[in-house]
Q: 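Have a look at this one.
For ligands, and for the atoms within them, numbers begin at 1 and follow the listed sequence. This one's a predicted model, so the numbers in the text were calculated from it and none came from an experiment.
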Amino acid sequence: MAKIKSVYICSECGYESPKWYGKCPGCDNWNTMNEEIKETVKTSAGVKKRVSVYSKPVTLNEISTDEEERFDTGFSELNRVLGGGIVKGSLVLLGGDPGIGKSTILMQICKNLSNLNILYVSGEESKRQLKLRADRLNVDNSALSIMTETDVEILCEEIKTQKPDLVMIDSIQTMMIKELSSSAGSITQVRESTNLIMHTAKDFDIPVIVVGHVNKEGSIAGPKVLEHIVDTVLYFEGDKQMSCRILRAVKNRFGSTNEIGVFEMTDHGLVEVENPSQMMLSGRPKGVSGTCVTCSLEGTRPILTEIQGLAAQTSYGNPRRMSTGFDYNRLSMLLAVLEKRAGYYFNNMDAYVNIVGGLRIDEPAADLAICMALVSSLKDTPLREDAVAFGEIGLAGEIRSISQPQQRVNESVRLGFNRIVLPYHNAKNIVCEDAEIIGVRNIRQAFEALCE
Ligand code: TYD
Ligand code: MG
């Protein structure tokens, strides 16, 4: 007999409570506790599984460490992010804003893997829509079966009978288990559906790619629990208006989480970008103040990006500060350092920072270029076009050394930059003949080095 009781679950963090709260005690968000009916029925795959398969303890020596088998996805950028391809039996969660290209990349993987038997399950689009997209992308895979189903149990039955090589589910928020009374997309449904799919996939060693929607804060909707269940979490980032798309691994049980893959959205779907630096720098304005190029390290890959800064007279009492692609609080800190330590005053200025190309930079190595772009705009003095700057800025206004300077220098030289401004302590060890290496100790020195 099913026992029914009602619980309140936070839609942000999954906090569960028998009582309603206005503010979630788990994550302090307001108005996120939703009522859900909790039934203790035997839907959870875990219950059935525990009875049928008993996992005996083994010693470490008994466990085989053969290379795990991976599928090449046909996209080297995607393979890199996954750590070398899709591992058999793994569950990959692909998140991203609507319209960023999640369904497109799935369809293109189907195109690349035309020798595999793929099951594509869509709860969002009709078969006709899928066929139209497949035609537009020239997908010609006779072994690709399309299923428009939202009932997870039917889907798992299909997986068991058909035993495809790869399953794609678009999206997990549309999938539901009929026996649970909450609506599709609710936390209970998302969590239980994922669990059931995961157990089916692991039992038959079938890899599954699941699409997950993101909420307005940008994390995958249907809280963090989902990220704990799956093996790999990938995020598709980028500005929808711009063609550049960045695929980033946030969690990966089979590889590094630092790598990124860069794609460009074209009329024929997503195309890999082999030379991201060149793409990020295309269309850079010449002879204008307020722009500076930096080199940031994404995983093992150095990428050159343009940083734009704008300082404009404020028309309100409180000057505005805005940053796109860079941490807002760090920008406030850098502005304070510029005023107090270098004498560049922004107190009656609105300050805007933009990382061009939709990239997000979390590295402190971008500090110097951000300051230089802002100072250049404040002074209305263009910086040298052929110069790159990178370095971390400390609270005393000093330029601190950063990791992997040689790699960054090599990438800058490869793209034809002639002057490289970097922290003084890094400059000593750099070997470079094709460009001028200038080590700087403070912000003023750096600005001079970039102007003259
Ligand atoms: P889609 O992959 O459906 O996004 P998601 O599944 O993440 O919501 O669509 C991505 C966008 O890309 C859509 O606005 C249309 C555009 N697009 C192209 O520019 N070229 C193409 O070849 C395709 C298939 C889509
Ligand atoms: Mg879609």
Q: Could you check which of L137, V214, T104 puts a non-hydrogen atom nearest to atom 1 (P) of ligand 1?
A: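 Residue with the shortest heavy-atom distance to the ligand atom: T104.
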Q: Report the part of V211 (side chain from C-beta onward, or backbone N, CA, C, O) that has a heavy atom under 4.0 Å from ligand 1; answer both or neither where that applies.
A: neither
Q: Output yes when the distance from some N or O of ligand 1 to some N or O of E125 is under 3.5 Å, and no in every other case.
A: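 So ligand 1 has no N or O lying under 3.5 Å from an N or O of E125.
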Q: Distance-only, no hydrogens or angles: does the S171 side chain make a donor-acceptor pair with backbone N or O of G212 under 3.5 Å?
A: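 Such a contact is absent between S171 side chain and G212 backbone.
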Q: Within the 4.0 Å heavy-atom shell around G101, which atoms of ligand 1 are there?
A: 1 (P), 2 (O), 4 (O), 5 (P), 7 (O), 10 (C)
Q: Which ligand 1 atoms are under 4.0 Å away from a heavy-atom of P98?
A: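 That gives atoms 8 (O) of ligand 1.
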Q: Could you name the option among G99, G96, S122, G95 that has the heavy atom nearest to atom 14 (O) of ligand 1?
A: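 Answer by nearest heavy atom: G99.
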Q: For the pair D231 and K202, find out whether any cationic side-chain nitrogen is under 4.0 Å from an anionic carboxylate oxygen.
A: yes
Q: So is M265 polar-close to ligand 1, meaning N/O to N/O under 3.5 Å?
A: no
Q: For T266 and ligand 1, answer yes if some heavy atom of the residue is under 4.0 Å from a ligand atom, otherwise no.
A: yes
Q: Do T294 side-chain atoms and A389 backbone N/O form a donor-acceptor pair below 3.5 Å?
A: yes
Q: Any donor-acceptor pair under 3.5 Å linking the side chain of D434 with the backbone of N418?
A: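 Here the side-chain-to-backbone pair does not exist.
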Q: Nearest non-hydrogen atom to atom 25 (C) of ligand 1 belongs to which of M107, R245, R136?
A: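 Among M107, R245, R136, the closest heavy atom to atom 25 (C) of ligand 1 belongs to R136.
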Q: Looking at F75 versus F263, is the centre-to-centre ring distance below 6.0 Å?
A: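 Between F75 and F263, the centre distance is under 6.0 Å.
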Q: Would you say N275 and R414 are linked by a side-chain donor-acceptor pair, where the criterion is simply a distance under 3.5 Å?
A: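 Present: a donor and an acceptor within the cut-off.
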Q: Strictly under 2.8 Å of the Mg ion (ligand 2): which protein N/O/S atoms qualify?
A: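 Near the Mg ion (ligand 2), below 2.8 Å, one finds S103 OG.
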Q: Using only atom types and a distance under 3.5 Å, with no angle test, would you say the side chain of E77 pairs donor to acceptor with the backbone of V262?
A: yes
Q: What about R133: any of its N or O atoms under 3.5 Å from an N or O on ligand 1?
A: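 Yes, R133 has an N/O under 3.5 Å of an N/O on ligand 1.
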Q: Donor-acceptor pair, Q189 side chain versus I177 backbone, under 3.5 Å?
A: yes
Q: Scan I86, V81, I105 and name whichever one has a side-chain contact (heavy atoms from CB on, under 4.5 Å) with T73.
A: I86
Q: Looking at C110, is its backbone amide N or carbonyl O close enough to the side chain of S114 to form a donor-acceptor pair, meaning the two atoms are under 3.5 Å apart?
A: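 No.
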Q: Can any side-chain N or O of S376 pair as donor or acceptor with the backbone N or O of S289 at less than 3.5 Å?
A: no
